[in-house]
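These numbers come from a predicted model, not from an experiment.
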Amino acid sequence: MRAWKPLLSLAVAVAVSGQIKPATTDPVELIKAQTRTIERNAAGVFSGPAWSGLVADGASAQFVMVGEQHGSGDIARLESALHAELAKRGYTHSALEVGPISTPFAERLIRSGKGELKRYIAAPGHGFVLPFLFFAEEAEMAEAMVSTSPDRQQALFGLDQEFVGPAPILMNQLEKEATSQAQLNAVAELAQLAAKDTMLVGKIADEDIARLERAFAGNPRGLAVVEAIRTSARIYRPFIARTGSGYAANLERENYMKANFVRLFEAARKRNGVAPKVCFKIGGNHAMRGMSGTNVPALGNFVAEWGLPRNYRMVNLMVDCVGGEAMNPQTGLAAPCQSYFGKDSAIAKAVARGPAVQVIALRALRAR
């Protein structure tokens, strides 16, 4: 994947020193007053007071919620660098926008040897099995996340529904769980469907899922995989088949991510005897406080509220692009990187023509 620049990182809860008391009510000037430069040298190493402040703020929390603009090599490198620093300061787990069945599969590949994840994804028909990990920088980030975690069983939390193209992974899992020839035959039928359409999971018909369910009746582990397929198909249907409610699908997806997070968090806490410190890497909509950009209660809001009575503080960081290009996750092609913020927004105007990497301490602006 090519590297694109510049990028903008918007820290929603970043402590930086020397904040200036604004002498104006102009939003652009107020934002500029809270903007700092993160230094980046020719080797791509981040440094300076703003970077140190960002790392220190994250280190003092239980969660760092990074909401990103997908597909940017520069953003992935910043996230990798931040995760590496947080891993030195007690962070043990990483939560990704990948399915709960596909993620352990990816982690097993990573643990089997360096480069094995990339080799699997590069194989014919595997291009869309794992969202975002098909970008080289993202795969390398996942490898680093696993290698730095003290949890040797499960370092990665897969929160999202299964992607549109993970049929090879799901079939592999079903084959492992099969206890009869009838179940193996059902998996073979699924393989025939997937051979005709690599995006099968996003399009699979209800009757095909029902046939799988009948075959795996009485097999709880196999049925869990079948239910994951059904959930993913239901979430994708309004956007691929153009049937059903997009709002209902987005709500189910967000709730699914919340439930998966709590389940995985508690399992890690029980397994390791200590509450995991988790770095989230997800799309910007999911990381929001309050309602997401799809008008449903966001995962980021849930994690912050769920953590309050447990004294789990969350630092929320939005990382976005200003110009440049990014890879489209659905086509694999380079295209202009579309910021979450319109060109006429106060934030876009405040950072225009500024340094390559900037951080805005929005915490200081909350009252305004």
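- Ion pair E254/K258 not flagged as a salt bridge, since none of the NZ, NE, NH1 or NH2 atoms sits closer than 4.0 Å to an Asp/Glu carboxylate oxygen.
- Side-chain contact check for L190 versus I204: some heavy-atom pair is nearer than 4.5 Å.
- Checked by atom type and distance alone, the side chain of E213 never pairs as donor or acceptor with a backbone atom of L223 at under 3.5 Å.
- Partner of D151 under the salt bridge (Lys or Arg N to Asp or Glu O under 4.0 Å) criterion, chosen from R111, R269, R271: R271.
- If you chain together hydrophobic residues whose side chains sit under 4.5 Å apart, L78 and V45 never meet in one group.
- In the model, R253 has no side-chain atom that pairs as donor or acceptor with a side-chain atom of N250 under 3.5 Å.
- You'll find the ring centres of H83 and Y91 outside the 6.0 Å limit.
- Classification of the F132-F135 ring pair by plane angle, with boundaries at 30° and 60°, yields tilted.
- Within the 3.5 Å criterion, the main-chain N or O of A228 finds no donor-acceptor partner in the side chain of T231.
- Looking at heavy atoms from C-beta onward, H286 lies out of side-chain contact with M65 at the 4.5 angstrom threshold.
- Using modelled atom types and a 3.5 Å distance limit, the side chains of N185 and Q181 yield a donor-acceptor pair.
- Contact check on K281 versus E97 returns no salt bridge, with no Lys/Arg side-chain nitrogen under 4.0 Å from an Asp/Glu carboxylate oxygen.
- Closest of all the heavy-atom pairs between V64 and G58 is CG2-CA, 3.6 Å.
- F265 does not carry K270 over the face of its six-membered ring by the limits of under 6.0 Å from the centre and within 45° of the normal.
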Take I360 and R36, measure what side-chain contact (heavy atoms from CB on, under 4.5 Å) needs, and give me the verdict at the end. CA-CA 6 Å; I360 304 170; R36 304 290 182 271; over 6 Å; no
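- Ring orientation note: the planes of F280 and F261 are tilted relative to one another, at an angle of 30° to 60°.
- Nearest approach of L133 to A142, heavy atoms of both residues: CD2-CB, 3.9 Å.
- Between D344 and K349 no salt bridge is recorded (no basic side-chain N to carboxylate O distance below 4.0 Å).
- Side-chain contact between R289 and E305: present, with at least one pair of heavy atoms (C-beta onward) separated by less than 4.5 Å.
- Contact check for S47 versus I38: no side-chain heavy atoms found under the 4.5 Å cut-off.
- L159 and L251 are assigned to two separate hydrophobic clusters, defined by single-linkage of ILVMFWY side chains at heavy-atom distances under 4.5 Å.
- Considering only heavy atoms from C-beta on, E162 comes within 4.5 Å of P100 through its side chain.
- Cluster annotation: L362 is connected to F341 through the hydrophobic network of ILVMFWY side chains, with a link wherever side-chain heavy atoms come within less than 4.5 Å.
- Counting only heavy atoms from C-beta outward, the side chains of E39 and V357 never approach each other to under 4.5 Å.
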Decide side-chain contact (heavy atoms from CB on, under 4.5 Å) for I169 and L130; before the verdict, give the C-alpha distance in whole Å, the side-chain angles of both, and the deciding distance to 0.1 Å. CA-CA 9 Å; I169 294 174; L130 292 159; 3.9 Å; yes
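- For N285 and T294, the side-chain atoms include no donor-acceptor pair closer than 3.5 Å.
- A salt bridge links D206 to R237: at least one charged side-chain nitrogen sits closer than 4.0 Å to a carboxylate oxygen.
- Counting only N and O atoms by type, the side chains of N219 and Q183 include a donor and acceptor under 3.5 Å apart.
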List the steps, then state whether side-chain contact (heavy atoms from CB on, under 4.5 Å) holds for M314 with Q62. CA-CA 6 Å; M314 185 181 83; Q62 191 77 24; over 6 Å; no
side-chain contact (heavy atoms from CB on, under 4.5 Å), that's the test. Do R234 and E252 meet it? Break it down for me. CA-CA 9 Å; R234 189 166 55 238; E252 180 175 10; 2.6 Å; yes
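- P238 is not listed as a side-chain neighbour of Y247, based on a closest heavy-atom distance of 4.5 Å or more.
- In terms of modelled atom types and a separation under 3.5 Å, the side chain of N316 and the main chain of A287 share a donor-acceptor contact.
- Using a 4.0 Å cut-off between charged side-chain N and carboxylate O, E140 and K118 make a salt bridge.
- Using a 4.0 Å cut-off between charged side-chain N and carboxylate O, R363 and D57 make a salt bridge.
- Crowding of R89 atom CZ: a count of heavy atoms from other residues, nucleotides or ligands under 6.0 Å exceeding 12.
- Each of V98, V164, D160 was scored for a side-chain contact (heavy atoms from CB on, under 4.5 Å) with P131, with one residue passing: V98.
- Proximity of V359 to T35: side-chain heavy atoms (C-beta onward) are nowhere separated by under 4.5 Å.
- Shortest non-hydrogen contact noted between A224 and I101 is O-CD1, 4.4 Å.
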